[in-house]
Engineer: 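Next up is a structure, given as structure tokens.
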Protein chains: 2
Amino acid sequence: MPAPRPPSAEKPGTLAKPARSRIQQRNRQRILDAALEVFSNHGFRGATLDQIAAEAGLSKPNLLYYFDSKETVHRALLTRLLDDWLAPLRKLDPSGAPDVEILSYMHRKLEMSRAYPRESRLFANEILQGAPRLEGFISTELRALVDEKASVIAAWARAGRIAPIDPHHLIFSIWALTQHYADFTAQIDMIRGPGHDPFEGAGAFLDHLYKRLLAP
Amino acid sequence: MPAPRPPSAEKPGTLAKPARSRIQQRNRQRILDAALEVFSNHGFRGATLDQIAAEAGLSKPNLLYYFDSKETVHRALLTRLLDDWLAPLRKLDPSGAPDVEILSYMHRKLEMSRAYPRESRLFANEILQGAPRLEGFISTELRALVDEKASVIAAWARAGRIAPIDPHHLIFSIWALTQHYADFTAQIDMIRGPGHDPFEGAGAFLDHLYKRLLAP
DNA sequence: AAGCTTCTTGACTGAATGGTCAAAGTTGAT
DNA sequence: ATCAACTTTGACCATTCAGTCAAGAAGCTT
């Protein structure tokens, strides 16, 4: 028989993690890290396998031994990310204090942008180009989660526990404001000059903004 | 609110280039329109000259008769845009009423996003990738304008005419919130389902948000 | 150490893509 | 109508890029 089966693709149906050698673990990790770096800076089409391979310290054929195609690497990256992406909103607790819950959500999201700007840019790149590879995720899981939490917020507003605002727009505004600091870092840096943390003052500003917006 | 002025066509007065025939005018315009469509949806590297030429209804060599290279088309597009991009902030009047001025600026920017989402995405694409082709513009003209208007806002705040807020973050927040509706249209559409204008309710929401934020 | 499996790579391939060029077609002023 | 300048294009070129392949190197297990 020709080439041994590359163990790259996740086998549907079977266990998600068939035992992998240390080498596989290490190299898959390296590849995903390198791919995150490259995809987040250049978008899907702008990224090349050679770049990713070089960044990962592997040869291109070696990279393709671990992942069947560029597409596969990209999907693996997104998949690895989606759960973490939903986590902050998932934690919004209907039984908590409305203002605290919403403020906490905003701060979690901001912290996410600060800690994982590359992931944020990867997302932004995808959505800018029409979200072809995220359509399933967004219009099912994300949409369901947003609708669920939006109705929680709407109930809070109806009960007069926060100001009456459109919950969808509230959520969109949190996304816009927090992700902006990660996605537009280049612009912020150029405007404020070097030597500034792009997130400097962002937490305090957004805290103030949402406290004012939500006060009943 | 009146629609903002469309992105400027050609500089009529001084010419670095000799008078252009009607054919040139028409075809250059077609190419730039096509290029805007393609670049804004796929980014610089993701766009191809064949795509742009097809969209413009020209052959690729014919396109290259009007612009020397892909790079040249792209630069022409950006150049055509930069002035219009600054216009809304330029209009912020130091002698006006602070809240009215800032609110008006926000609405102008939102209207810009609504009317020219492709231009907004073109910008977003550039900045996401580190703004290599916008570095000059951002760190000189845009920066100077932002600093100028930020100090106007800071003065208003010191005088107690609006709430004490960080003017840079205020400006960033306006950019983030208004451009989000243009840049992340794909996501908003998928979450709210089809048949919704992504900007629906945005004006009212943002109006409310900034009124609350700015009240002294 | 033997023998099997897993990794790695140099050399390719075919398709895209940015860009060139000379020749052909079109336009417009005289 | 003529002719020179302007416009258009088919054919072509060099490079880049995703992906293949067969053979060799390195690990593991006994």
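Protein chains get the first letters and strands the later ones, always in sequence-line order, with residue 1 at the start of each.
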Engineer: With a 3.5 Å distance limit and no angle check, can you tell me whether A/K149 reaches the backbone of A/L92 through a side-chain donor-acceptor pair?
Structural biologist: yes
Engineer: To the nearest angstrom, how far is A/L64 atom CG from D/dC17 atom C1'?
Structural biologist: 11 Å
Engineer: Compare side-chain N and O positions of B/Y65 against OP1 and OP2 of C/dC21 and report whether any pair is under 4.0 Å apart.
Structural biologist: no
Engineer: What's the closest nucleotide to the A/S69 side chain, out of D/dT7, C/dC7, D/dG19?
Structural biologist: D/dG19
Engineer: A/A47 near the nucleic acid: base, sugar-phosphate alone, or nothing, with a heavy-atom cut-off under 4.0 Å?
Structural biologist: sugar-phosphate
Engineer: Between C/dT6 and A/Q24, is there an OP1 or OP2 to side-chain N/O distance shorter than 4.0 Å?
Structural biologist: no
Engineer: Take the protein atom NE2 of A/H42 and the nucleotide atom P of D/dA18, then report the distance between them rounded to whole Å.
Structural biologist: 12 Å
Engineer: Between C/dT20, C/dT17, C/dT6, which nucleotide has the shortest distance from any of its atoms to the side chain of B/T48?
Structural biologist: C/dT17
Engineer: Rounded to whole angstroms, how far apart are CD on A/Q25 and C1' on C/dT6?
Structural biologist: 15 Å
Engineer: Give the rounded distance in Å between these two atoms: NZ of A/K70 and C1' of D/dT20.
Structural biologist: 18 Å
Engineer: Rounding to a whole Å, what distance do you find between B/L63:CG and C/dG18:P?
Structural biologist: 10 Å
Engineer: Between the main-chain N or O of A/D197 and the side-chain N or O of A/R192, is there a donor-acceptor pair closer than 3.5 Å?
Structural biologist: yes
Engineer: Under a 3.5 Å distance rule, please check whether B/K70 uses its side chain to pair with a backbone N or O of B/A47 as donor and acceptor.
Structural biologist: yes
Engineer: Students often mix this up, so state it plainly: with edges at 30° and 60°, are the rings of B/H180 and B/F184 parallel, tilted or perpendicular?
Structural biologist: parallel
Engineer: When we call it a touch if two heavy atoms are under 4.0 Å apart, what does A/L49 touch: a base, just sugar-phosphate, or nothing?
Structural biologist: sugar-phosphate
Engineer: Over 60° means perpendicular and under 30° means parallel, so tell me whether A/F199 and A/Y181 are parallel, tilted or perpendicular.
Structural biologist: tilted
Engineer: Figure out the CD1/P separation between B/I52 and C/dT17, and round it to whole Å.
Structural biologist: 12 Å
Engineer: C/dT17, OP1 or OP2 - any side-chain N/O from A/R45 closer than 4.0 Å?
Structural biologist: yes
Engineer: Does B/N62 make a side-chain N or O approach to OP1 or OP2 of D/dT7 shorter than 4.0 Å?
Structural biologist: no
Engineer: Given D/dG19, C/dT8, C/dG18, identify the nucleotide with an atom nearest to the side chain of A/K60.
Structural biologist: D/dG19
Engineer: Which atoms of nucleotides 25-30 of chain D (N or O only) lie under 3.5 Å from a protein N or O atom, and what are those distances?
Structural biologist:
none

Engineer: Kindly state each residue pair satisfying salt bridge (Lys or Arg N to Asp or Glu O under 4.0 Å) with at least one member in residues 34-49 of chain B, sequence neighbours excluded.
Structural biologist: B/E37-B/R118
Engineer: Checking side-chain hydrogen bond (donor to acceptor under 3.5 Å, both in side chains) for the pair A/N125/A/H42: CA distance, chi angles, key distance, verdict?
Structural biologist: CA-CA 8 Å; A/N125 256 308; A/H42 302 285; over 6 Å; no
Engineer: Nearest of C/dG19, C/dA11, D/dT7 to any side-chain atom of A/P61?
Structural biologist: C/dA11
Engineer: Could you state the CG-C1' distance from B/D68 to C/dC21, rounded to the nearest angstrom?
Structural biologist: 15 Å
Engineer: Under 4.0 Å between a side-chain N/O of B/Y66 and OP1 or OP2 of D/dT8, yes or no?
Structural biologist: yes
